[in-house]
Each structure stands twice: as structure tokens, then as C-alpha cells.
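Down below is the structure, laid out as C-alpha cells.
Residue numbering restarts at 1 for every chain, and letters A, B, ... go by the order of the sequence lines. Just the heavy atoms: all of them, side chains too, but no hydrogens, waters or symmetry mates, feed the values below.
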There are 2 protein chains.
Amino acid sequence: MNKKLSDFELDVMSIFWRVNKASAPQVHELITENKEVSYSTVKTIVDRLEQKSAIKRESLQGRTIFYAPAIKQESLSTPLLKGFLRRLFSNRPQQLIAQLIENEELNNDDIEKLEKMLAEKKSTQRKSKK
Amino acid sequence: MNKKLSDFELDVMSIFWRVNKASAPQVHELITENKEVSYSTVKTIVDRLEQKSAIKRESLQGRTIFYAPAIKQESLSTPLLKGFLRRLFSNRPQQLIAQLIENEELNNDDIEKLEKMLAEKKSTQRKSKK
DNA sequence: TTTTTATATCTACAAATGTAGATTATAGAG
DNA sequence: CTCTATAATCTACATTTGTAGATATAAAAA
């Protein structure tokens, strides 16, 4: 992958990550559930994502092109999370996590998984004298 | 505050949030610890932040202008976190938190605070049958 | 086979962004 | 009081981004 992706491009990527394979008309359909944009606009973004090698042509049906992600979500989210944490949370992961716990939905399974991870981290750190 | 802030603008805001009050030369000094940009460039960003009412003139020393944040970090981070979560974590806070726990540093105090918050959330949800 | 319609392709453009040189002005040094 | 260095102001520009109309074209419908 070459370059940074814009917000709109990431919106479209998030659709590809969700449905895995989609044509531009389908992406348009999904996008317009949230905001009204013309087909042309969406297709331009899809083209740019292909240019940037974030998606690739996967198959054809008639002359309709189906695309699929060419990069994994984590390969973008991991570096971007660093920047986000720095710019908006002064590099304090604790603050960011706290805000998520307060404002976002977590079911009990999620919570228990996270509790396990925290406990694990604590003991690891004790061992390594962190 | 009027408009969205760009990445570079957020970089500069993060400095203001950290030091609270700074002149353009000082911001330049701090920014160049990480990347080389000319004073002009930094001053342009500072001007744009003032235009966008994200910072305001706070005092003068000679003809040096000191600026201070005009918006709180949370007032930006809260809405931006929503978008970030949606675009890069498919709206799954659990994933985002997990990644932070795995990759970022948390001291034991942080961890214990978070554990408390999680426990609290779990019991609240039990009560409200979530 | 002709018509219609759905897609793709092409072109365009204003606004935002990252970047910085040139110019002006003034506070502080001497 | 004059000079100088530093900071502000002004101007500029290539690139990216969001946005979409116009046009071509092929598949599907009639």
C-alpha cells in the first residue's frame, strides 16, 4: 500500500472489511444508508482505493467489477492508532481505554475477556519488574 | 470551533494541550524534535488553528504572540474517537481496547483503575439487564 | 435486433492540506 | 540612536480530498 487513506476512503474500506467483496454499485448502496452521495463520487473513491492498492479487482459479473480488500484492517489500524493516541490522548492509553469503557457498549463476555487481559498484563509486568 | 482539524493541526494542538501556552517559535522548537519543518510552515498551522478558533492569543512578550488552547482535548477526542472506532475497528470497542492493552504501556495503577471501571460496568449492566 | 438501463470511464473543480520563500517590522543589543 | 536578528505577515503552490456531471458502453430487456 502506497499512501495514506482519507476519511472517506477509510469509510469505504470499512465496508470492504465488513462484506469482503463488493461492486461499486453495492458500495454506493451501503454508503447511502448513512450519507447521500452520488454513485460517481463513490466510484471515484473506489478507483482511488484501487490506485492506492488498498483493494483489488476480484471478479467480474457482466461488466460489473467486484473488488476485495488488498490490505488487512489491522495493518492500517495499528499504525493509525499510534498517531491517534498521541494526537488526541497525549499518548495516554489509559485515558483512551477509560473513555471507551465509559461511552461504548461492551457485553459481559467482552468485559470478562478484557479483565483477563488486564490481569495477565499485570502479572507479566510484576515478573519483569515494570 | 468551526471546522475539522488536519493531522498536522492536531499535532500542534497536542503540543498546546501539553504545555498550555506557547509562542509559534516555541511550537516550532517542539515540533522539530520529531520532524524537520520550517518555521513558516509551523506558523501557518498556528495561524490556521487561530482562524479555526482552536487556539487564541493569550498574551504578548515584545512582539511575540503567545497562544493558548481555546478548546479542550476531550471536546475533539470524543467525537473523533467515534469515527475512528467505526472506520478502523468496525465499531468494536472491545477490539480497540484489546489492542491497546496488548501494545501499549499501562502501569499497575492504570490497570487497577481500568479493572474497577470494568467491574462497575458489568454490575451496572446486570442491573439494567443489558 | 433494437432499445433501455446500469456501469464504467473520463474530466473537472473548489476547498483543504502540507509546505515554505519573501518581505516587513520591531524589540533588544550595542 | 542605529543596527540586527527574530518574529510576524503575506504570498504561493503542488497535492490531496470530496464531490459530481458528461459520456461511452455493454448487458439485459423487449
Side-chain angles (χ1 to χ4, degrees), chain A residues 1-16 21-32 34-68 76 80 83-84 86-87, chain B residues 1-16 21-68 76 80 83-84 86-88:
Chain A
M1 237 257 306
N2 308 316
K3 338 202 70 189
K4 298 271 163 249
L5 301 187
S6 73
D7 277 356
F8 198 172
E9 285 164 355
L10 284 174
D11 279 338
V12 171
M13 279 312 290
S14 77
I15 288 180
F16 279 109
K21 177 180 124 167
S23 66
Q26 288 175 336
V27 172
H28 179 234
E29 187 63 30
L30 291 169
I31 283 281
T32 43
N34 298 309
K35 67 170 185 172
E36 322 79 42
V37 273
S38 78
Y39 168 75
S40 264
T41 300
V42 171
K43 176 61 164 138
T44 299
I45 297 299
V46 167
D47 289 344
R48 287 178 186 164
L49 284 173
E50 193 190 7
Q51 217 69 66
K52 294 183 179 182
S53 305
I55 59 176
K56 56 183 200 307
R57 286 166 193 238
E58 196 263 358
S59 62
L60 283 179
Q61 268 180 43
R63 61 203 183 102
T64 306
I65 304 158
F66 282 77
Y67 301 86
L76 274 189
L80 288 183
F84 191 77
R86 176 170 47 75
R87 295 197 180 89
Chain B
M1 238 255 308
N2 307 315
K3 340 201 68 188
K4 299 270 164 250
L5 301 188
S6 73
D7 277 357
F8 197 172
E9 286 164 355
L10 285 174
D11 278 338
V12 171
M13 279 312 290
S14 77
I15 288 180
F16 279 109
K21 179 180 121 165
S23 65
Q26 288 175 335
V27 172
H28 180 234
E29 187 65 29
L30 292 169
I31 283 280
T32 42
E33 283 173 14
N34 299 309
K35 68 170 183 172
E36 323 78 43
V37 272
S38 78
Y39 168 74
S40 265
T41 299
V42 171
K43 176 59 165 143
T44 299
I45 297 298
V46 167
D47 288 345
R48 287 179 186 164
L49 285 173
E50 192 191 6
Q51 218 68 69
K52 295 183 179 182
S53 305
I55 59 175
K56 55 183 200 308
R57 286 166 193 238
E58 195 262 0
S59 62
L60 283 179
Q61 268 180 44
R63 62 206 181 95
T64 307
I65 304 160
F66 282 77
Y67 301 86
L76 275 189
L80 289 182
F84 191 78
R86 176 170 47 75
R87 295 196 179 88
L88 289 158

Could you tell me how far apart [X] ([atom1]) and [N] ([atom2]) are, to the nearest whole angstrom?
| X | N | atom1 | atom2 | value |
| --- | --- | --- | --- | --- |
| B:F8 | D:dT16 | CZ | C1' | 16 Å |
| B:D7 | D:dT16 | CG | P | 14 Å |
| A:E9 | D:dG18 | CD | C1' | 10 Å |
| A:L5 | D:dT15 | CG | C1' | 16 Å |
| B:K52 | C:dA16 | NZ | P | 8 Å |
| B:Q51 | C:dA16 | CD | P | 12 Å |
| A:K4 | C:dA16 | NZ | C1' | 18 Å |
| A:D11 | D:dT19 | CG | C1' | 14 Å |

Protein-nucleotides 28-30 of chain C N/O pairs closer than 3.5 Å?
none

Check whether B:K52 reaches the backbone of B:M1 with its side chain - one donor and one acceptor, N or O, closer than 3.5 Å. no

Backbone N or O of B:V37 within a donor-acceptor pair of the B:H28 side chain at under 3.5 Å? yes

[Y] and [X], any side-chain heavy atoms less than 4.5 Å apart:
| X | Y | answer |
| --- | --- | --- |
| B:T41 | B:F8 | yes |
| A:I45 | A:D11 | no |
| B:I65 | B:V46 | no |

Check the phosphate of C:dT19 against B:K35, side-chain N and O only, distance under 4.0 Å to OP1 or OP2. Yes or no? yes

Within the structure, does a side-chain N or O atom of A:K3 lie under 4.0 Å from either OP1 or OP2 of C:dT17? no

Please name the pair of heavy atoms, one in [X] and one in [Y], separated by the smallest distance, quoted to 0.1 Å.
| X | Y | result |
| --- | --- | --- |
| A:A54 | A:M13 | O-CE, 3.4 Å |
| A:D7 | B:R87 | O-NE, 3.2 Å |
| A:L5 | A:E9 | CA-OE1, 3.2 Å |
| A:K21 | A:F66 | CE-CD2, 3.7 Å |
| B:Y67 | B:I55 | CD2-CD1, 3.7 Å |
| B:F16 | B:A22 | CE2-O, 3.6 Å |

Check every atom of D:dA20, C:dT19, D:dG18 against the side chain of A:T41 and return the nucleotide holding the closest atom. D:dA20

Of D:dG18, C:dG18, D:dT17, the nucleotide closest to the side chain of B:I45 is C:dG18

Which distance, rounded to the nearest 0.5 Å, do you find between the CD of B:Q61 and the OG of B:S23? 8.5 Å

Which part of the nucleic acid does B:S6 contact within heavy-atom distance under 4.0 Å: base, sugar-phosphate only, or nothing? sugar-phosphate

Short heteroatom pairs, N/O only, protein and nucleotides 8-12 of chain D, under 3.5 Å:
residue: D:dA8; atom: OP1; partner: B:I65; partner atom: N; Å: 3.0
residue: D:dA8; atom: OP2; partner: B:Y39; partner atom: OH; Å: 2.1

Overall bend - the helix from C:dT1-D:dA30 to C:dG30-D:dC1, comparing terminal axes fitted on five pairs, nearest 10 degrees: 10°

